[in-house]
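Below is one structure, written out as structure tokens; the observations come after it.
The model shown is predicted, which means the values in this text are computed figures rather than measured ones.
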Amino acid sequence: MSERSVKSVNLAVAMSPEMKVTVREEAEERSMTMSEYGRITLIAGRKQIVALEEEMEGKGGLALEQEVLDAVPTDADGALSHEEISEQVLAKVEQQIFELLDSDDRIKHSAAHGGYYLE
């Protein structure tokens, strides 16, 4: 922070009791107060949102919208049903999910637990 005086204000955050326990544990693991952890998490989340927005703008708008437009034929004789368009778009989304699950080191797979989890 800069040398200027910064005034803090309180912010109440509603969450489930289970989430509060998780947040408290995560804060303690990092030797932080819940307030410090909340601020850091909020800042990190904001950065991710900005990055996603910039990525989507770079693709010319909403990625899903573009995927749908790409799947719709330009020729009336080749018209596709809602189901056929959905199938094309969802196949691409499913492939992206598999690629993310395989490439992101934060995501782990456990056969014992029957799926993926964040580490």
Discussion item. Do Met32 and Val13 sit in one hydrophobic cluster, given that two such residues count as connected whenever their side-chain heavy atoms are within less than 4.5 Å of each other, even indirectly?
Written reply: yes
Fill in: OG1 on Thr33 to CD on Glu28, rounded to 0.5 Å
11.0 Å
Worksheet, complete the sentence: Here the ring-ring contact (aromatic ring centres under 6.0 Å, His included) pairs for residues 69-113, sequence neighbours left out, are His109-Tyr116
Fill in: Distance, nearest 0.5 Å, that separates OG of Ser35 from CG of Leu11
9.5 Å
Worksheet item: Hey, is CD on Glu84 packed in by over 12 heavy atoms from elsewhere, all under 6.0 Å?
Response: yes
Worksheet item: Are more than 12 heavy atoms from other residues, nucleotides or ligands located less than 6.0 Å from atom CG of Asp75?
Response: yes
Worksheet item: Side-chain contact, heavy-atom cut-off 4.5 Å: Gln88 with Leu80?
Response: yes
Discussion item. Membership question, hydrophobic clusters at under 4.5 Å side-chain separation (ILVMFWY): are Ile107 and Ile97 in the same one?
Written reply: yes
Worksheet item: Could you state the interatomic distance from CG (Leu101) to CD (Gln96), rounded to the nearest 0.5 Å?
Response: 12.0 Å
Worksheet item: Taking all non-hydrogen atoms of both residues, which atom of Ile85 and which atom of Val72 are closest, and how far apart?
Response: CD1-CG2, 3.8 Å
Discussion item. How close do Pro73 and Gly78 get, counting heavy atoms only, and between which atoms?
Written reply: CG-O, 3.0 Å
Show which side-chain atoms of residues 18-25 pair as donor or acceptor with protein atoms under 3.5 Å away, not counting sequence neighbours.
unit_1 : atom_1 : unit_2 : atom_2 : d
Glu18  : OE1    : Ser16  : OG     : 3.4
Thr22  : OG1    : Glu18  : O      : 3.1

Worksheet entry | Distance, nearest 0.5 Å, that separates CE of Met34 from OG1 of Thr41 | 10.0 Å
